[in-house]
Amino acid sequence: MNTNNRNGEVRIGFYICHCGHNIAGMVDCPAVAQYIAKIPGVVVSRDYKYMCSDPGQELIQQDIREHQLNRVVVASCSPLLHEHTFRNAVAAGGLNPFFFQMVNIREHDSWVHTDREEATAKAKSLAHAAISRVRFHRALETTRVPIHPDVLVVGGGIAGIHAALTLGNAGKKVFLVERDPSIGGHMAQFDKTFPTLDCAACILTPKMSAVRAHENITLWSYSEIVKVSGYVGNYTVTVKRKPRYVNEELCVGCLECIQSCIYKEGKFPDEFNVGLSKRKPIYIPFPQAVPPVVVIDPERCLQVRTGKCKKTCLEACADRNAIDFTQKEELVEIKVGNIIVATGFKLFDAKRIPQYGYGLYPNVVTAIELERLVNSSGPTAGEIVLRDGRPPKSVGMLLCVGSRDMKTNRWCSRTCCMHSMKLAQLVREHTDADVTVFYMDIRAPGKGYEEFYDKSLKEGIQFVRGRVAEVTDWAMAPEEEGKLVIRVEDTLAGFVRRIPVDMIVLATGMEPQADAQDVRRLFNMSCGTEGWFLEKHPKLAPVSTFTDGVFIAGCCQGPKDIPDSVAQAGAAAAEAMALIDKGHIEQEPNTAYIVEADCSGCKSCIPLCPYTAISFDDAKQKALLNEALCKGCGTCVAACPSGSIRQNLFEDEEIFSEIEGVLAYV
Amino acid sequence: MPDKPKISFYWCSSCGGCEETVVDFAEDILGVLEAVDIVFWPVAMDFKKKHVEAMPDKSIVATLLNGAIRTSEQEEMARLLRRKSQYLIAYGACAQLGGIPSLANQFSRGQLLRYVYEEAPTVVNEAKTRPRTSFQNNGHTVTLPEFRNVVRALNQVVDVDFYIPGCPPTPKITKAAIGALLEGKLPPKGSVLAPDVALCDQCPRKASKPADLGFTQFKRPHQVMLDPNLCLLAQGIVCMGPATRGGCEALCPAGNMPCTGCFGPTSRVRDQGAKILSSLCANIASKDEKEIRDILAGIPDPVGVFYRYGLAGSLLRRKVSLPVEPDQETP
Amino acid sequence: MKYSYFPGCSLKGLGRAYEESLLPVMRHLGVELVELDDWNCCGATAYMSVDEAKAAVLAARNLAIAEKAGPHDLMTPCAACYLVLNKTKHNITDFPEINAAVQRALGNAKLTYSGNVPVRHPLDALVNDVGLDVIKEKVVRPLKGLKVAPYYGCQIVRPYATFDDAWNPTTMDRLLATVGAEVVPFPLKTKCCGGSLTGTVPEAGLRLTYILLKEAVRRGADVIATACPLCQFNLDAYHSEISRRWGPARIPTVYFTQLMGLAFGLPPEQLGLKRNFVPMKPLQAEPSTV
Amino acid sequence: MSDPKWQPRIVAFFCNWCTYTAADLAGVSRLKYASNARVIRLMCSGRVDPQFILDALAQGADGVLIGGCHLGDCHYGEGNYKTLRRFQMLKRLLSDMGIEDQRVRLEWISASEGERVKTVINDMVEQVRALGPLNLPQRRQDWDREMAEQHAEPEAAHA
């Protein structure tokens, strides 16, 4: 590979990309090329329609050969998008790929400015800076980091389950960590799923069992991640396994302990039934729970809380000896190469919109509550009833509760239209109630979704277009007495209506998990302003994050329905597998290095390294930098008081020349 | 035997300490005198400017000029000696980087003159008399050089070949430099004739420096009984050692005082003050903005601490908002 | 504890029962109210819609006087005054044109306003400054068994929800519960009282009033507590007309300060209670044993 | 200083992970903002050597903007805290050296805050515009006019 400057002479090739109209529409590309051509050392300066296209790349390679270029600068889009493309092109031309510098004149220039003259001037100075800087570039080699083949999947909802199974089926070892006592997530609470109306349990339960039975999957429920360190291919993760006071290996799921608990009746709100039923301190989250073992709620169990209980559960368990009050919280450390975060969402708290009366009027329920009511294993055994036990004669469904709302959440939760129509159909199926859906827009863009909307219309479900103003219990007419009154501007009819109903169902939207910020920090991810985990690229890298080896799937990335969550989970698993099967990743050679002869051994740099890559060599009395541990932040470089630490790709003189270059105003 | 190489010494805006270094050669001065011919040294010998003017250009092998350039006279002498010398060597911190005199670059000429001739507590000058560049008396004209607005390092006035750092330079590095000069073993033009590794390398306290300084406060030497053996930074004292070129053999730390940075930065650093700031601040043990501010309050005069010997030679050179005032005239 | 005090016109006229109860209650709690010297109209009523800048000047003069009076928060009990003074504060900060007009006008009167005087409602001050604990200690006659519908009206929490939720304020609920009343859930607590319509479109305005009264009765309330003179008047004054149109919905409406005064054992006749059209039934004589 | 065509020159140092990405997002979102800032990409705001800031000013920048991840969100853990600490001292130093507060700014802008890139740059450009040019190269020339002969600026004082 030609890495030498012929006779030390720098020969730069400069290319400015039109990106069709994207850049050329705002930047005078030929003028920039002419300007750069005059800078000493620039041998070739061209503008071209699409530099990233094959002919564009070929142009660079040809010039390297014909003009003996030893530096290449391309002004086009963001380096985060195409730096690799052009480095590869430079390498294919026979140069070390790091004799290349990219100038961002699209995202940072043509797309954000409106004055052609100004945008062109900016492009010139940015290009000038790159030309100044690239002179200092040196040949660098990428290092290879091996990838640990195991994967951690965080979150045991449908996304996490699917990702774990996909990886497990491919022969990869997976740790699936779930915070709750059972996997299954929100999907396990659903009765049926749209648009096919197949039963959620029927399609989910087999997958949950498969997880438990899978030889490649280690399932840790009732566990949380507390620490993550390392980097792509080499993560060390500490998992906190909370005591469930029941030995998972020994419990056979007979549930006799629950029956024999000194609490004769359930007393505490059952999480799975969203508080619509009561459970005991010892309980199983739901009949199909995986793992199918009981759990003891430490905040409710008399024995755990006070140590004073007859422990009837122990007696019931007898020689199975599964109940173990001595269990302690345990920290387990595992090593994995990739992490898939599928931590899901939380539902909007309907109390935040007091005018809808949730928490005030008993017959205002949320969609998930209705989901449990309609479910045959739910608290009413599938009967949709009002709080007083009567079946409702009329049901109103309010959409966009906590979605598409400037006062609460601005985003569309994407599933509520379909979810509500599904519930509307189920209500029609289970009762003879009239159902009215209050909507702003019906969004049914998935496969078979519009047809589902049609079906809802045909089944006599009424649709009123308008955001509901309020739900009240005061009557203005005899037919309103004893009912909940929905006040809404019917925007199709063009007037304000009062519609009395027996039951109101609020389609609460999705929100990021309450601890999303903590989780994000744990895995070094970014969040959008709304709090959803940020994908690396909205279109081209939808399950990757800015941290290599950390992928996201399901609703933690943004609201989505089951098919989309599953698709993302599969994609995340595939991304992880791509890394695992390659066996290594190439690391950007932007590491810091110490020039030993220059180092005075002042130790200023040592505590600054977040990766403890710098240590003190007692024999040499100088700092020692382990480049394998260095991630290239450059903090030590900036701090070295004698300028003895340098950074590949970000050398002081490169940056100083860049400063000079960007200030070369024209 | 051909003529001995001609050497000259000159001082500009400086305290005289650099001259003392030559005196501190003690008996070694004899060796130097044997090897060279000193043709101009106003401090010690009676030569006049006209003697220098009479010398052919480049006839002096080397001039060691100390002191910053503040007046028109200094500027003129610097140019004269530049013309007459093959090598012009900036000798000492003031010539190299502006030195202590260049701390005056924080003030305008007017501010300085007003303070010195009117406001200083020891001054009695009711007539508010100020020096003038020219004064007539009894038919005679007495002149003074002009006092410039800006204090400059030597290389901001004339081309400089080499730098010998220090306030003052030690006899050892001076002798080494003269030796190299006589033997023709000079490094590339522009070099600083001192080691290019920071002072910690030579510091007797080096071993006592902890790996994690984690500053929780900064103190000034008079505020604390200094442990004579422990790294001064570990005692919360701002020591410029990590950002300062070695070569003095850590005279100040050895004398239980922190390094104040007189040898200037290493060749890899453009701005000594910025670098020590970067290193010290990064190592503050706080994440709270207010606490950080409180800790930094222990350094009340950052310019004076970080740029004690090099404000003129720093990236900013001078308080940027200061005016350039016209030549001072009789009030 | 000391506040500057801006009563506004209502508290000197129609709503004087509010002031008559507020002052002794505050005194009883050791809160000093210093009435602004030479205060003027807050700028409410139709002024705002005729000339916003001039209305702002009117209000700002009061703010400027308060600023001059000392470093105390400005308390104003009337909901309309509270809204207008707050709105003016906002407008002065947000709209340079209004600020310029205001400063010009104030300048002519040798006054200045820097925007620093917080405008406080007594509900806010009582709960957040004085504190429910202190208030509880002063209760000698808990309003035991008295069912109260807390009614806030529109202006205290909208558009500026400064100290409470815009849709579901609870400050008065908590305050009344502290003095021993039984607070009836009243979801209509921020609904319109009909106030600005009763004079112009009585059919619409009175209907709104009727709904409030009827619902308070239906929910078993003995009395409606309010914090706004206009609300109080609307809910109190039109019973015969309402009754004629829609049927009876008779329930007294009093100021929350009057209820507090009763709980503090202050003599009812000194609390302006006799001014009601629909009188409140006397509390059962049940001197506290505390 | 009265050149009507004068435009503030801002040198911006953006960290790769948050602020640079946010600037990319601003582009993708086609937000429009002032063209005066020139971005230099670094991996972390912790790489911003105070020398870079002084150098940018010395070379003619009218303002310097540093953009990093929000505190607690640094891709490298705590690089931005180091930036914060340095910045606190640097601001004092700059003020002692007569450089107005608004000329050098540190902003935490996360990858999702494209809008903030726009507002911060626009805001800063306006503030710097109000201050007028800093133009240290010009000021140095003005200072040096008092010398008998103009001396070419040495290439690098300590080369």
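Chain identifiers are assigned alphabetically (A, B, ...) following the order of the sequence lines, protein sequences preceding nucleic acid strands; residue numbering begins at 1 within each chain.
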Verdict with reasoning, A/Asp548 to A/Lys631, per salt bridge (charged side-chain N to carboxylate O under 4.0 Å, His left out): CA-CA 12 Å; A/Asp548 292 338; A/Lys631 297 273 141 270; over 6 Å; no
Could you please spell out the steps behind the side chain to side chain donor-acceptor pair (under 3.5 Å) verdict for B/Thr174 and B/Tyr91? CA-CA 9 Å; B/Thr174 309; B/Tyr91 186 63; 2.7 Å; yes
Checking side chain to side chain contact (heavy atoms under 4.5 Å, CB included) for the pair B/Asp196/B/Arg245: CA distance, chi angles, key distance, verdict? CA-CA 6 Å; B/Asp196 203 8; B/Arg245 194 183 275 269; 3.5 Å; yes
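Remark: A/Arg71 is not positioned above the aromatic ring of A/Phe14, lacking an NZ or CZ atom under 6.0 angstrom from the ring centre and at most 45 degrees off the axis.
Of the candidates A/Glu651, A/Glu658, A/Glu660, A/Arg133 forms a salt bridge (Lys or Arg N to Asp or Glu O under 4.0 Å) with just one, namely A/Glu658. Each of A/Arg646, A/Lys622, A/Lys620 was checked for a salt bridge (Lys or Arg N to Asp or Glu O under 4.0 Å) with A/Glu596, and the lone residue meeting it is A/Lys620.
With a 4.5 angstrom heavy-atom cutoff, A/Cys636 does not touch chain B via any of its atoms. In this structure, the portion of A/Ala597 lying under 4.5 Å from any heavy atom of chain B is its backbone and not its side chain. Proximity to chain A (any heavy atom under 4.5 Å) is shown, for B/Ala274, by neither the backbone nor the side chain. There is no contact between A/Thr635 and chain B, counting heavy-atom distances below 4.5 Å. Only the backbone of B/Pro210 comes within less than 4.5 Å of a heavy atom in chain A; its side chain stays farther off.
Annotation: maximal heavy-atom pairing with chain B below 4.5 Å, among A/Gly643, A/Ser642, A/Ser644, occurs at A/Ser642.
By a heavy-atom distance cut of under 4.5 Å, not one residue of residues 220-238 of chain B is near chain A.
For the 3.5 Å distance criterion, the side chains of A/Lys335 and A/Thr236 qualify, holding a donor opposite an acceptor.
Within a 6.0 Å sphere centred on NZ of B/Lys175, heavy atoms belonging to other residues, nucleotides or ligands number more than 12.
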